[in-house]
Amino acid sequence: MTSSLAISVSDDGVALVPEHDQAAASLVPADAAGAPQRQFWETEHTRPDFQPSNEAAPELVAATQNYLGECMRHPYLPVSEIRARQFARVKELVELAYRDIPVYRAKYDAAGFKPEHLRDYDDIQKIPVITKPELVAAFPDQCVSKKYKPEDLFPTRSSGSSGQTLLIRVDYDAVITDTIQGVRQFAMQSGGNYHAEDLLAHVYTVPWWFDSIGGDYPTAFISNLIPPARVAQHLRYLGPKILSLYPSSLDALMPHVDEFRSSLNLAVTHSEYSSRAARQEWSRQLGVPVLDEYSSEEATRIALEMPDGKYHVCEDTVHLDVLDPITMEPQAVGQSGIAVITNLLNEAMPFIRYVQGDYITQPANPAPSDINWSQIASIDGRLNDAFVNRCGRKVPAGSILDATYRWMFDCNLHLAQFEIVQRGVDLSRRASCSARIRRCRGCTVRSRISRTCSKRASSIRSGCRQTRCSRFRPRSASAARSAASSIDRSKRERVPWTRH
């Protein structure tokens, strides 16, 4: 690794502080080709096979040019037009699923439901809901469209607090549209202060599929498993305008804010519950807004907290229902209900009226806004997910899940299901796993999880049950790029409705 300045880099890729302070952007170390390094892993040997494309993806660039303007206008369309577009897309997905996806056809036939029963927007409530266990049992033959070659699909997974792992496949069009909608997200949440040259830094499990859009809207990745002091150091040299990360990761960075806050315009939290009071305190310390993103692997973005503090549903990304958990009928506004989503982007593995599992509340009286997307008053269901350490501090389940995800990616391993149970609050600093686990890259998975959980949960004693299933290998970057040539070009005309 080389650098245009006299700085040193440690064996694990950490940029060391130079003797003289200089502009953050100029201190980023360069790779062998002379390009600034924008990926930082906890150790080199845990870097996965997949790497985001460093080349300009022509179809992504073209789709951005064609769609970004329309994408930016969508939140401000009349409500009637937003609903009409949603209904048309839901109807299209239902017809597709009934024709091509056996699990949906069987479910709809058993319920006496046919796609032609969808005549207007309110008829969406007639569509039978589908659950995670049903899709787990159906994967892949009964829930992934055979129109796509398996090697042309992008893999991801979801486990959530249930611990039940659902493998997900996403088509290339969906990834492209999701990437473009990410530009809109940060433009809206920053109040319009997000530009093509601005760097976005993700502190996360793995990088996004693309590290820029033809060089515009560049992104950087820092592994969430790197100690916070080093994360802060990386951020200092990257100099991002926007920071996206777990709430627990942001909280861990607070002792080090002086290292990196000078470049920031915005921080966005996601995937874990965080209170508004906590975000306001982090905002005070950072000196920039800290806003929330409500999202999931199944749905992608569900709702965004805007600068005025209100959550707006991304209604060209998902259709959201809030149902009574007993009757599964629409819940009254102002009362907490279960979130049921339809992903409007992914055609390869549709999620239509999928029981997300979170509890949310719709406002009885939505606040006046220029944004015509519907609003969420509160996200209620994640409060009960947290573990508690001996100091009484809540440790979000996502912090533990992040270590588990990385273990599964690093070891090329898929677990059908796992469970972490907190038995009590005591002085234990190790997580115990009852099953035997094979060695991986020089150390046992058991010891890696124990060390990571020790760092994150501090004093949680847990038990872990697991069932080993088929192996899972992340998609290669070359296969990702080759997928473009096999996609029907006519779909590019439908980019707003063809779906990280």
Side-chain angles (χ1 to χ4, degrees), residues 68-90 120-122 124-125 180-194 242 244 247 265-270 273-284 288-295 299-324 330-342 344 356 358-383 496:
L68 184 57
E70 171 64 22
C71 180
M72 295 298 296
R73 289 189 291 271
H74 189 276
Y76 309 98
L77 294 174
V79 172
S80 59
E81 185 169 350
I82 291 173
R83 288 195 172 188
R85 293 188 181 197
Q86 277 198 320
F87 173 70
R89 179 55 174 168
V90 170
D120 57 39
Y121 184 86
D122 291 338
I124 292 175
Q125 301 301 321
I180 299 169
Q181 290 183 351
V183 174
R184 178 183 63 190
Q185 170 187 347
F186 297 111
M188 294 180 72
Q189 289 187 302
S190 66
N193 191 19
Y194 180 49
I242 297 179
S244 175
N265 291 333
L266 171 71
V268 176
T269 60
H270 56 77
Y273 172 81
S274 64
S275 68
R276 181 159 302 183
R279 295 195 298 276
Q280 289 173 342
E281 175 57 22
W282 296 328
S283 175
R284 184 190 67 80
V288 301
V290 177
L291 301 176
D292 193 35
E293 167 197 327
Y294 174 38
S295 57
T300 189
R301 296 171 190 85
I302 300 173
L304 304 175
E305 183 184 17
M306 297 301 174
D308 63 1
K310 303 297 186 297
Y311 283 89
H312 288 265
V313 179
C314 303
E315 293 191 312
D316 56 351
T317 307
V318 297
H319 177 271
L320 175 67
D321 291 311
V322 182
L323 305 184
D324 183 298
Q331 180 64 289
V333 295
Q335 297 186 25
S336 184
I338 195 165
V340 173
I341 61 93
T342 298
L344 299 176
Q356 181 67 40
D358 299 322
Y359 281 80
I360 63 176
T361 300
Q362 293 176 311
N365 298 297
S369 175
D370 292 336
I371 300 172
N372 287 326
W373 287 344
S374 61
Q375 297 179 24
I376 292 177
S378 62
I379 301 169
D380 313 315
R382 299 184 179 184
L383 280 168

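Counting from 1, the numbers follow the sequence of the chain as shown. Note that these values count all heavy atoms, side chains included, but never hydrogens, waters or copies made by symmetry.
Judged by distance alone, with hydrogens and angles left aside, the side-chain atoms of S336 form no donor-acceptor pair with the main-chain N or O of Y359 at under 3.5 Å.
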Verify side chain to side chain contact (heavy atoms under 4.5 Å, CB included) between Q331 and L323, making sure each step is shown before the conclusion. CA-CA 5 Å; Q331 180 64 289; L323 305 184; 5.7 Å; no
Show your reasoning for whether side chain to side chain contact (heavy atoms under 4.5 Å, CB included) applies to Y294 and L304. CA-CA 6 Å; Y294 174 38; L304 304 175; over 6 Å; no
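In this structure, the separation between CD1 on I338 and CG on D358 is 8.5 Å, given to the nearest 0.5 Å.
Taking the side chain to side chain contact (heavy atoms under 4.5 Å, CB included) definition, one finds that D120 meets it with D122, D123, sequence neighbours left out. Residues passing the side-chain hydrogen bond (donor to acceptor under 3.5 Å, both in side chains) test with Q280: none are found, sequence neighbours excluded. Residues satisfying the salt bridge (charged side-chain N to carboxylate O under 4.0 Å, His left out) criterion with D321, sequence neighbours excluded, are R353. Considering only residues two or more places apart in sequence or on other chains, Y121 meets the ring pair (Phe, Tyr, Trp, His ring centres under 6.0 Å) condition with H319. Evaluation of the side chain to side chain contact (heavy atoms under 4.5 Å, CB included) rule for S374 yields V313, E315 as partners, not counting sequence neighbours. Partners of E305 under the side-chain hydrogen bond (donor to acceptor under 3.5 Å, both in side chains) rule, at least two apart in sequence or in another chain, are R279. In terms of the salt bridge (charged side-chain N to carboxylate O under 4.0 Å, His left out) criterion, R83 has no residue partners (sequence neighbours excluded). Scanning for side chain to side chain contact (heavy atoms under 4.5 Å, CB included) contacts around D308 gives M306, K310, with sequence neighbours left out. A278 meets the side chain to side chain contact (heavy atoms under 4.5 Å, CB included) test with S275, W282; sequence neighbours excluded.
Listed by first then second residue, pairs satisfying salt bridge (charged side-chain N to carboxylate O under 4.0 Å, His left out) with a partner in residues 180-190 read R184-D316, not counting sequence neighbours.
When side chains are defined from C-beta on, L266 counts as touching L291, because their heavy atoms get closer than 4.5 Å. Contact check for I371 versus M188: side-chain heavy atoms found under the 4.5 Å cut-off. Annotation: side chain of T361 is in contact with side chain of D380 (closest heavy-atom distance under 4.5 Å).
Across all non-hydrogen atoms, the minimal contact from N372 to L77 is ND2-O, 2.8 Å.
With 3.5 Å as the limit, one finds a donor-acceptor pair spanning the side chains of Y311 and D292. Between the side chains of Q185 and E293, at least one donor N or O lies within less than 3.5 Å of an accepting N or O.
Taking the six-membered ring for Trp and thresholds of 30 and 60 degrees, W373 and H74 have ring planes inclined between 30 and 60 degrees apart.
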